[in-house]
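Below is one structure; the comments refer to it alone.
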Amino acid sequence: MQHDVATAMPEAARPAPSRRALAWAIWSTATVVFVASISFGLAQHLPTPLSTVSEGLAFIAYGVVGLAIALREPRNPIGWIFLAVWASVSVVFGMAGTYAQWAALDDPGAVGATFFTWLSNWAWVPIFTVLLTYPLLLFPDGRLPGPRWRPVSWAIAIITVAWSISFALEQHDYTDGADHPAVNPYTLQRFAPAFDAARVIVSFFVLAGIGVCVAALVVRYRRSRGIEREQIRWLIYAGAITVVWLALPFEHGNGGIPDFIQGFVLMLIPVAIGIAILQYRLYDIDLVIRKTVVVGVLALFIGVVYVAIAVGLGSFADSPALRLAATALVAIAFQPVRDRANRWANRLVYGARATPYEVLARFGDRVGETYASDDVLPRVARVIAEGTSADRAEVWLRVGEELRLAAGWPDVGAHPPIAVDDGPLPIDGDRVAAVRHHGELLGAISVHKRMSEPITPGEAELVDRLADQAGLILANARLTADLEARLDQIAVQAGELRASRQRIVTAQDEERRRLERNIHDGAQQHLVALAVKLRLAKTAVAADPARGQAMLAEIGGEIDAALDTLRALALGIYPPLLEQQGIAAALAAQYVRSGLPVQMEADGTRRYPIEIEAAVYFAALEALQNAAKYAQAGAITIAIAPEDGGLRFSVRDDGVGFDPATAGGGSGLAGIRDRLAVFGGDATIESVPGKGTIVRGRVPIPEAHTG
């Protein structure tokens, strides 16, 4: 859908119809006057030097740029200043100058000839004074750099008026020739020396005013950031070319070829101001400067070599062959000189850093090369920092739902991870570019510039292009990081497995020793005592049958006690009741025999694979025995229930409790975890001093047994 300029502008920036009409009226009237003046000069066959043509085009550029600024930025006085200059030039140099030239050549007594001659010889003073001061003072937003500069603007206006009056009333030959000398008809001869002196004195103030305006532009440049700095650089670039041209040792002012070229040089300033203020395709000025330097060096080389050979040696031997040799030498040396000029221009514009093209090429090389995983991202950060002349460059890698600082140049140390959401990337930096690969966010690149050197649009564009190329690198880096994390996890698990196996072996050895002690101290002692008593009973039966019978009855009771000891020992090793009736019944047999105040909650449980039931049984039994030994509990609750595809249990007591952070898990909890870990389960312990302890555990149940 097409929109005109006025429709595309924001409502606040759109000029009122009266201002638009005024801008068009000034420009149209001035253009008509200028065209009419040219037509009159051509009709009268007045001499028109080439310099007049190019300088006229330069002032046309001021008028066109002024109109565009007045229409697009009506609050910016620079546009209206340019329109006023264009109107003044049309009247002074167009109408008045052409008419005065015609009158001087064809009809010296024509009406108004003296006035227009007088006007055209001094009216250029305010025009050029205004052009060399106020645009510099108000550029680029049309406002003064600060309130302190307001007296400067008034002083320039006063100096401009004073200088114009001194030129208008000085004693001068207004015919600019010796054939028809004339004095100033609008001054008093007795005051003419005073005006002559004033013209010289005020000229120093004018130069000082121009210097102050240049200083204002420098101050504004040092304070500027981003687009504003780029705008000012355009004007500085055009001004530098103009100053260099005027400083060249040409004979200016004679209407020759240098003056013809000078008109196009002067056109650079209004064009640069128009591009900067309107921001129309505001190219990176670095590229323009670099190309200008290269073209200038090549032009100088060709001119110097050709003139030196063709003219210098030609004075001794003027021959076509010599000129042909000069041309061949220029052609042969052109490419080496061009390469050297490119390198010199790059170093002049970019300094020690590489050009954007070289940065992208070097970055592409980094993509194609193979480095260790801990080396590729720092190299990438270094290329970005050097390519953008950044104070610091960072490469962020997305891991899960977090962005982690993977590398920085220079090394910035550790940085806490940053959570990722659907909004803008929460990363600090003068420019932050997301790195994506196939639409997936893999990380980001951030660039930090010095406060005195903000990032330019070209550098921002370079960072974005580097981010586009970094997708594959970060994808590989993330895969490598994931693999390293998985390997670390496997290594930790392997270490835990080794430790678990060691604990299992140690527990088994301890269990064997415990069984040996129980057998030695329990059943073995009973059996040894029974053997001794049997021998005594055998002797007693022969000597005293009544006493022998009593001893045999006592031995029978001890045999029952020995059997109970062996039965309890067997139940501790693997209770038959566990295999016959399940976990709840086996645990109940233990706490009923021990007389502990235990309550069982096992509703909804059923039979599971015997190995899982054994794991839960012995884990719960270990927790129960610990509670009985250390908790000093008045009540213990054992809960067993299926939940979330697994079998959960807990042993809760209301005993003295402890602080797990200081007491540690203990060998009991480690044994429970090791036993459950065999089947993919785990256990936790919660305890508070004075509020009891809870041991919780869970073992996953295979899907075939969950229905």
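The figures here come from the full heavy-atom set of this structure, side chains too, leaving out hydrogens, waters and symmetry mates. One is the number of the first residue; the rest follow in order along the sequence.
Trp24 and Leu67 make their closest contact through CZ3-CD2, 3.6 Å (heavy atoms, listed as atom of the first residue, atom of the second, distance).
Between the side chain of Ser120 and the backbone N or O of Thr117, at least one donor-acceptor pair lies under 3.5 Å. Here the side chain of Asp464 pairs no donor or acceptor atom with the backbone of Ala433 at under 3.5 angstrom. For Arg199 (side chain) and Ala168 (main-chain N/O), no donor-acceptor pair under 3.5 Å exists by modelled atom type. Between the side chain of Arg392 and the backbone N or O of Gly408 there is no donor-acceptor pair closer than 3.5 Å.
Taken from CZ in Arg75 to CZ in Arg19, the straight-line distance is 5.5 Å, to the nearest 0.5 Å. To the nearest 0.5 Å, atoms CG (Leu137) and CD1 (Ile210) are separated by 12.5 Å. Distance check: Trp122 CH2 to Glu170 CD gives 11.5 Å after rounding to the nearest 0.5 Å. We find the CG-CD1 distance between Leu425 and Ile418 to be 9.0 Å, quoted to the nearest 0.5 Å.
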If you look only at distance, which donor and acceptor atoms sit under 3.5 Å apart when one is on a side chain in residues 77-93 and the other is two or more places apart or in another chain?
from	atom 1	to	atom 2	distance (Å)
Trp80	NE1	Pro74	O	3.0
Trp86	NE1	Thr31	OG1	3.3
Ser88	OG	Ala84	O	2.8
Ser90	OG	Ala30	O	2.9
Ser90	OG	Trp86	O	2.9

When the side chains of residues 145-162 are checked against the rest of the protein, which donor-acceptor pairs come out under 3.5 Å, sequence neighbours left out?
from	atom 1	to	atom 2	distance (Å)
Ser153	OG	Arg150	O	2.6
Thr160	OG1	Ile156	O	2.7

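Between Trp163 and Phe167, the angle of the ring planes goes over 60°, which puts this pair in the perpendicular group of the 30/60° scheme. Aromatic ring pairs are classed by plane angle as parallel below 30°, tilted from 30° to 60° and perpendicular above 60°; the pair Trp102 and Tyr99 is tilted. Ring orientation note: the planes of Trp124 and Phe128 are nearly perpendicular, at an angle over 60° on the 30°/60° scale.
Arg436 has its side chain within reach of Leu441: a pair of non-hydrogen atoms, C-beta onward, lies under 4.5 Å apart. With contacts defined as side-chain heavy-atom distances shorter than 4.5 Å, the pair Arg220/Asp141 qualifies.
Residues satisfying the side chain to side chain contact (heavy atoms under 4.5 Å, CB included) test with Thr98, not counting sequence neighbours, are Ser37, Phe40, Leu46.
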